[in-house]
Amino acid sequence: MNPTTNYQQLIQNLDYLKLKQMSLHLNEVLDFSVNHQLSLVDTLVKLTNYEIDVREQNMIQSMVKVAAFPHLKEIKDFDFSFQPSINQKQILDFLTLRFIEANENIVFLGPSGVGKTHLATSIGIEAAKKRTSTYFIKCHDLIQNLKKARLENRLESRLKHYTKYKLLIIDEIGYLPIDAEDAKLFFQLIDMRYEKRSTILTTNVNFKAWDEIFQEPKLANAILDRILHHATVVTIVGDSYRLKNHLEKENE
Ligand code: ADP
Ligand code: MG
């Protein structure tokens, strides 16, 4: 369509520039501007904000998607009263993402079902929403991926890939034993991220018993050393939330 008026030309321009939201909200903003006698600058700010808001939302959605969280459980979904061993203030402090600025780690340590993955994911979602590149992976999958990369002669680039994330969440360390060869791969990653990037780890195994996970005490020590040097350890003692309903029934 050939524009016959400047108004039509403006809509065409917005569409050509792919400013879809500005095009969609044009009438509304123009009406508002006339009714409230807005200045040209204020009108343009209002119009451009529509475009920016939607792009920000899309950006956040894609950051959260890329992070590959197992679910989208946030801190508001966490019942702190069920788990009194957790210092709520400390978790809220993690959500400020201060630890990421300082390249510090967090380790959630505790038995199955106490909320380790939930809390790690909540912090990860907050980071992703703030445009911090974040990735969630189970320890076993991480090691399988590194092994595969080594077989295909692309270990270095895979390690670099996992080092790139400002926040990496490694879930479930110690659920499956890791042989010495695999432990070396894990060590390499931890070493590359050491003091440069933040990592959140979850485990159900006390640090003293990490020798048994990694089977090689020296490597286990080297891994722990780097993880714990700048880390906050959150030890959770309590009942499994998964068994909550069963426990409630027993107490009735
Ligand atoms: P863990 O990783 O420690 O084994 P999860 O974080 O996977 O435990 O928690 C198990 C399930 O219980 C998840 O669905 C999680 O969202 C839920 N859950 C655990 N603790 C709480 C809690 N305090 N409040 C609400 N839901 C919880
Ligand atoms: Mg878990």
Side-chain angles (χ1 to χ4, degrees), residues 61 64-97 99-100 104-129 132 134-146 162 165 167-178 182-183 186 189-190 193 198-210 212-214 220 223-224 227-228 231-252:
Q61 265 178 22
V64 170
K65 204 165 161 201
V66 165
F69 297 116
H71 48 61
L72 292 183
K73 290 199 179 164
E74 299 190 47
I75 209 66
K76 62 173 166 42
D77 308 312
F78 195 83
D79 177 4
F80 281 95
S81 69
F82 183 78
Q83 218 54 268
S85 74
I86 297 174
N87 175 355
Q88 186 173 352
K89 288 269 172 355
Q90 184 179 44
I91 306 297
L92 296 181
D93 182 51
F94 294 147
L95 291 169
T96 67
L97 310 178
F99 75 101
I100 297 179
E104 287 170 2
N105 302 327
I106 302 171
V107 184
F108 288 106
L109 170 68
S112 184
V114 292
K116 302 182 298 294
T117 302
H118 186 139
L119 290 171
T121 301
S122 309
I123 300 167
I125 291 173
E126 191 58 28
K129 282 183 174 174
T132 303
T134 300
Y135 194 67
F136 180 105
I137 191 163
K138 282 189 184 183
C139 183
H140 179 73
D141 295 339
L142 174 71
I143 287 174
Q144 293 309 310
N145 290 349
L146 291 175
Y162 287 128
Y165 293 106
L167 176 62
L168 184 67
I169 302 172
I170 307 175
D171 197 30
E172 296 189 352
I173 294 173
Y175 280 75
L176 298 168
I178 298 165
D182 295 354
F186 188 72
L189 177 65
I190 295 298
R193 294 183 63 84
S198 287
T199 309
I200 300 180
L201 307 107
T202 81
T203 182
N204 61 343
V205 180
N206 279 317
F207 301 128
K208 276 193 205 122
W210 277 37
E212 285 152 41
I213 310 176
F214 292 102
I223 290 168
L224 264 181
I227 290 174
L228 296 180
T232 309
V233 179
V234 179
T235 306
I236 311 174
V237 282
D239 294 326
S240 164
Y241 195 85
R242 293 193 187 99
L243 301 176
K244 185 174 176 264
N245 293 336
H246 298 283
L247 295 172
E248 274 167 4
K249 277 193 194 109
E250 270 171 34
N251 291 336
E252 272 164 16

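We count ligands from 1, going down the list as the structure has it; atoms in each ligand are counted the same way. Everything numeric here is computed off the predicted structure, so don't read it as measured data. Scope of the values below: all heavy atoms of this structure, side chains included, with no hydrogens, waters or symmetry mates.
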### Nearest protein heavy atom with distance in Å, relative to atom 11 (C) of ligand 1
Arg242 CG, 4.1 Å
### Task
Please lay out, stage by stage, how Ile75 and Phe94 fare under the test side-chain contact (heavy atoms from CB on, under 4.5 Å).
CA-CA 11 Å; Ile75 209 66; Phe94 294 147; over 6 Å; no
### Task
Give me the ring orientation class for Tyr135 and Tyr162: parallel if the planes are under 30° apart, tilted from 30 to 60°, perpendicular past 60°.
tilted
### Task
Check whether any N or O atom of Lys116, backbone or side chain, sits under 3.5 Å from an N or O atom of ligand 1, and answer yes or no.
yes
### The single option from Phe78, Phe69, Tyr241 passing ring-ring contact (aromatic ring centres under 6.0 Å, His included) against His118
Phe78
#### Entry: Minimum-distance protein heavy atom relative to atom 16 (O) of ligand 1
His118 ND1, 2.7 Å
### Query
Quick one: nearest non-hydrogen protein atom to atom 4 (O) of ligand 1, plus distance?
Gly113 N, 2.7 Å
### Val114 N/O to ligand 1 N/O under 3.5 Å
yes
### Min side-chain heavy-atom separation Ser85-Ile236 under 4.5 Å
yes
### Thr117 near the Mg ion (ligand 2): N/O/S under 2.8 Å
yes
### Query
Does CD in Gln90 sit with more than 12 non-hydrogen atoms of other residues, nucleotides or ligands closer than 6.0 Å?
yes
### Taking atom 2 (O) of ligand 1 as the reference point, the nearest protein heavy atom with its distance
Thr117 OG1, 2.7 Å
### Task
Starting from atom 19 (C) of ligand 1, find the nearest protein heavy-atom neighbour and note its residue, name and distance.
Tyr241 CB, 3.2 Å
### Query
Any idea which heavy atoms bring Val205 and Trp210 closest together, and the distance?
O-NE1, 2.8 Å
### Task
I would like to know whether Phe186 and Ile173 meet side-chain contact (heavy atoms from CB on, under 4.5 Å); could you show each step before the answer?
CA-CA 11 Å; Phe186 188 72; Ile173 294 173; 3.9 Å; yes
### Query
Can you tell which part of Asp77 has a heavy atom less than 4.0 Å from ligand 1: side chain, backbone, both or neither?
backbone
### Protein heavy-atom partner closest to atom 23 (N) of ligand 1 - residue, atom, separation in Å
Asp79 O, 2.9 Å
### Nearest protein heavy atom with distance in Å, relative to atom 13 (C) of ligand 1
Lys73 NZ, 3.7 Å
### Query
Within the structure, does Gly115 bring an N/O atom to less than 3.5 angstrom of an N/O atom in ligand 1?
yes
### Query
Which atom pair, heavy atoms only, marks the closest approach of Ala127 to Leu97?
CA-CD1, 3.7 Å
